[in-house]
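The structure under discussion appears below in the form of structure tokens.
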Amino acid sequence: MGILWEYGELKPSEIQDLFPREIKNPALRSYLSILHEKGHVTRRQDGKAYRYKAKTRRSNALQHKLRELVDVYCKGSTRSLLFNLAESEELSDEDIQALKAIRDKGKAKGKKQNG
């Protein structure tokens, strides 16, 4: 998906050339078929080959994976995920200020919805 998000519509051979490690053509085609069946990519005929394009937006995929991560590893607690990340990373003062700004923006948004 990352390659399709970055480069747009591609043929399997083009994806294969850009793939970060060796991947056999049948494996790549199988993976693309699964992504197509699940609705994550679209494809259109281009001569004898198909051209594939990401349908699922990167931000939607990230939200889905984060939710999975929270559910599986943090017993559904987003707070637990955030605390684990904060403890495992060295946050700069700039990072802390950015997080506070996000928090404040969320509070302001909540007041508008409730008020």
Subject >> For Ser13, all residues meeting side-chain hydrogen bond (donor to acceptor under 3.5 Å, both in side chains), sequence neighbours excluded >> reply: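 Listed in chain order: nothing, the list is empty.
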Original post:
If we only count heavy atoms from C-beta on, is the His64 to Thr56 side-chain gap below 4.5 Å?
Top reply: no
Subject >> Heavy-atom side-chain proximity of Lys53 to Leu4 below 4.5 angstrom >> reply: no
Nearest 0.5 Å, please: how far is [atom2] in [Y] from [atom1] in [X]?
X	Y	atom1	atom2	answer
Met1	Ile15	CE	CD1	10.0 Å
Ser88	Phe83	OG	CZ	13.0 Å
Asp93	Lys100	CG	NZ	9.0 Å

Sequence-distant partners of [X], salt bridge (Lys or Arg N to Asp or Glu O under 4.0 Å), two or more places apart:
X	value
Lys75	none
Arg67	Asp71
Glu94	none
Arg44	Glu9

**OP:** Would you please test Leu99 and Leu91 for side chain to side chain contact (heavy atoms under 4.5 Å, CB included) and show each step?
**Re:** CA-CA 10 Å; Leu99 288 170; Leu91 299 178; 4.1 Å; yes
Subject >> ILVMFWY network linking Val72 to Leu81, side-chain heavy atoms under 4.5 angstrom >> reply: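 Val72 and Leu81: one cluster.
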Original post:
Same cluster for Leu62 and Val70 if Ile/Leu/Val/Met/Phe/Trp/Tyr side chains link at under 4.5 Å?
Top reply: yes
Show me the side-chain donor-acceptor pairs of residues 27-39 shorter than 3.5 Å, one per line, residues at least two apart or across chains.
unit_1	atom_1	unit_2	atom_2	d
Arg29	NE	Asn25	OD1	2.5
Ser33	OG	Arg29	O	3.1

**OP:** Taking atom CZ of Phe19 as the centre, report whether more than 12 heavy atoms of other residues, nucleotides or ligands fall under 6.0 Å from it.
**Re:** yes
**OP:** Determine, stepwise, if the pair Tyr50 / Gln45 fulfils side chain to side chain contact (heavy atoms under 4.5 Å, CB included).
**Re:** CA-CA 5 Å; Tyr50 283 111; Gln45 191 87 36; 3.5 Å; yes
Subject >> Worked check of side chain to side chain contact (heavy atoms under 4.5 Å, CB included) between Arg51 and Asp46 >> reply: CA-CA 6 Å; Arg51 296 185 71 79; Asp46 184 10; 3.0 Å; yes
**OP:** Apply side chain to side chain contact (heavy atoms under 4.5 Å, CB included) to the pair Arg57 and Asn60, showing each step before the final yes or no.
**Re:** CA-CA 5 Å; Arg57 292 188 351 232; Asn60 291 356; 3.8 Å; yes
Original post:
So which heavy atom on Tyr52 is nearest to which on Pro12, and how close?
Top reply: CE1-CG, 3.8 Å
Subject >> Shortest non-hydrogen contact between Leu18 and Leu10, atoms and distance >> reply: CD1-CD1, 3.8 Å
Do [X] side-chain atoms and [Y] backbone N/O form a donor-acceptor pair below 3.5 Å?
X	Y	value
Ser77	Cys74	no
Asp104	Ala101	no
Glu14	Lys11	yes

**OP:** Inspect the contact between Lys65 and Glu68 and indicate whether a charged nitrogen and a carboxylate oxygen are less than 4.0 angstrom apart.
**Re:**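 Salt bridge between Glu68 and Lys65, a charged N being under 4.0 Å from a carboxylate O: yes.
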